[in-house]
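Here the structure is a predicted model, which means the values were calculated and not measured. A, B, ... follow the sequence lines: proteins, then strands. Residue 1 opens every chain.
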Number of protein chains: 2
Amino acid sequence: MSTDADRLQELFRALGDATRRTILDLLAQHGPMTVTRLADHFPHLVRSGISKHLMELRRLQLVHDNKRGRERYYRINAETISQLLRPWVAKYEKYWDDRLHNLKQAAEEQANTKKEDRP
Amino acid sequence: MSTDADRLQELFRALGDATRRTILDLLAQHGPMTVTRLADHFPHLVRSGISKHLMELRRLQLVHDNKRGRERYYRINAETISQLLRPWVAKYEKYWDDRLHNLKQAAEEQANTKKEDRP
DNA sequence: AAAATATGTTACTATACAGTAATATATAAG
DNA sequence: CTTATATATTACTGTATAGTAACATATTTT
């Protein structure tokens, strides 16, 4: 089945854009955000461009969204990154065992800065 | 220092191309290979194109090379992937602890298929 | 109802770049 | 020495796409 390979290809291509990665970073840091609030962090870009990026991220299931009135809140979907990208990285991992402990600690530190689902 | 962010950007961009990722896969599976042998796996592409990809991968230190007579053997440099991409993935990891064991086992299975440095 | 706010959609443009083709260089073979 | 092999380099072209601008839709406010 080539579906997983295709998704991985699209995932890498999508993450190759700095704006999209920054959007994911912002969603991870601040929790769910609207397009307008996200666009505030990109003064050199236009809102509709950010909206287009979110459409792409939504299509690849890198973000989820829930509409609340006339606002639409986007939240990160780390599940997709985990399931596709982590196995790919592990494939090339040589010194996995050596650094497993340090890695685990780093992940736990990050988990402490996690946010809730709705603002 | 923005150097790390820049390198990450270039890394993601480089990995966004399917041909380059396949080259890394081939080097991981078969061990060090020459341009010509790599190009054999891409019947629809021309050798000079593969050479250009290798130049890019070399620039980003995703591969190393050593010249042996008129042949030049490329080998994968997993170190770069580990140091840059793995922390990025870990940043978005939610269920790290839950799956740590399975992940470790997968990495060990991959390690069994490892090759030596020179053919 | 009308104005304002929040977001989505789409045609267009400019740019980056993957792939090609032609040329160059260096080593090995005959 | 001459020919063949292995690789690198570079100008060129076609294509994908990031960003923009203008317009459309839906919901809230006054």
Side-chain angles (χ1 to χ4, degrees), chain A residues 6-27 30-75 118-119, chain B residues 6-27 30-75 118-119:
Chain A
D6 290 346
R7 286 192 72 201
L8 190 65
Q9 167 59 26
E10 291 196 297
L11 178 66
F12 268 113
R13 195 195 56 73
L15 296 178
D17 182 81
T19 303
R20 279 193 285 263
R21 283 204 319 285
T22 305
I23 288 175
L24 293 180
D25 280 340
L26 288 168
L27 291 179
H30 298 91
M33 297 174 74
T34 64
V35 191
T36 309
R37 281 190 57 203
L38 280 167
D40 292 341
H41 292 79
F42 302 92
H44 58 300
L45 295 184
V46 152
R47 186 187 43 73
S48 65
I50 308 296
S51 185
K52 262 178 55 178
H53 281 308
L54 285 170
M55 291 302 104
E56 182 76 1
L57 294 174
R58 188 161 64 174
R59 186 176 70 83
L60 301 180
Q61 297 181 326
L62 286 168
V63 299
H64 286 154
D65 65 292
N66 59 333
K67 204 172 171 184
R68 178 62 57 154
R70 63 181 162 183
E71 293 177 317
R72 169 163 277 165
Y73 283 92
Y74 290 93
R75 68 181 194 279
R118 293 265 331 290
Chain B
D6 290 346
R7 286 192 70 200
L8 190 66
Q9 167 59 27
E10 292 196 296
L11 179 65
F12 268 114
R13 195 193 55 74
L15 295 177
D17 181 79
T19 303
R20 278 192 286 262
R21 284 204 319 285
T22 305
I23 289 174
L24 293 180
D25 280 341
L26 289 168
L27 291 179
H30 299 91
M33 298 174 72
T34 65
V35 191
T36 309
R37 281 190 57 202
L38 280 167
D40 292 340
H41 291 79
F42 301 93
H44 58 300
L45 295 183
V46 153
R47 185 183 44 70
S48 66
I50 308 296
S51 186
K52 260 178 57 179
H53 281 308
L54 286 170
M55 289 304 104
E56 182 75 2
L57 294 174
R58 188 162 64 173
R59 186 176 70 84
L60 301 179
Q61 297 181 326
L62 286 168
V63 300
H64 287 152
D65 66 292
N66 59 334
K67 203 174 174 184
R68 177 63 57 157
R70 62 181 162 182
E71 294 176 318
R72 169 163 277 164
Y73 283 92
Y74 289 94
R75 67 181 196 279
R118 291 270 328 289

From [atom1] of [X] over to [atom2] of [N], roughly how many Å is that when rounded to an integer?
| X | N | atom1 | atom2 | answer |
| --- | --- | --- | --- | --- |
| B/Q9 | D/dA18 | CD | P | 11 Å |
| A/F42 | D/dT20 | CZ | P | 12 Å |
| B/M33 | D/dA6 | CE | C1' | 15 Å |
| A/N66 | D/dT27 | CG | P | 15 Å |
| A/R72 | C/dA6 | CZ | P | 15 Å |
| A/Y73 | D/dT27 | OH | C1' | 14 Å |
| A/R68 | D/dA26 | CZ | C1' | 16 Å |
| B/L54 | D/dA8 | CG | P | 7 Å |

Which nucleotide, C/dA26, D/dA8, C/dA6, lies nearest any side-chain atom of A/R70?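 The nucleotide sitting nearest to the side chain is C/dA6.
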If you compare every side-chain N and O of A/S51 against the phosphate oxygens of C/dG8 (OP1, OP2), does one of them come in below 4.0 Å?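 So the side-chain polar atoms of A/S51 do come within 4.0 Å of the phosphate oxygens OP1 or OP2 of C/dG8, strictly under.
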Want to settle it: does B/D65 or A/G69 sit nearer the 5' end of DNA chain D, counting the closest nucleotide to each?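 Between the two, 5'-proximity favours B/D65.
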Carboxylate-amine/guanidinium proximity below 4.0 Å for A/R13 and A/E56: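 Salt bridge: yes.
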Would A/T22 and A/H41 count as a side chain to side chain contact (heavy atoms under 4.5 Å, CB included) here? Give the steps. CA-CA 9 Å; A/T22 305; A/H41 292 79; over 6 Å; no
For the pair A/R72 and A/V35, evaluate side chain to side chain contact (heavy atoms under 4.5 Å, CB included) and give the outcome as yes or no after the intermediate values. CA-CA 7 Å; A/R72 169 163 277 165; A/V35 191; 5.7 Å; no
Note, B/Y74 side chain near B/I23 side chain (heavy atom, < 4.5 Å):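 Counting from C-beta outward, B/Y74 and B/I23 never come under 4.5 Å.
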Positive for salt bridge (Lys or Arg N to Asp or Glu O under 4.0 Å) with B/D65, one of B/R59, B/R58, B/R75: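 The option that passes is B/R58.
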Dump the intermediate steps for side chain to side chain contact (heavy atoms under 4.5 Å, CB included) on B/L24 and B/L15, then the final yes or no. CA-CA 9 Å; B/L24 293 180; B/L15 295 177; 3.7 Å; yes
Would you check, one step at a time, whether the test side chain to side chain contact (heavy atoms under 4.5 Å, CB included) holds for A/F12 with A/E10? CA-CA 6 Å; A/F12 268 113; A/E10 291 196 297; over 6 Å; no
Within the structure shown, what part of the strands sits under 4.0 Å from B/Y74 by heavy-atom distance: base, sugar-phosphate, or nothing?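 Sugar-phosphate, backbone atoms only, no base.
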For nucleotides 14-23 of chain C, just jot down a letter per nucleotide in 5' to 3' order: B, S or -, based on protein non-hydrogen atoms under 4.0 Å. ---SBBBBB-
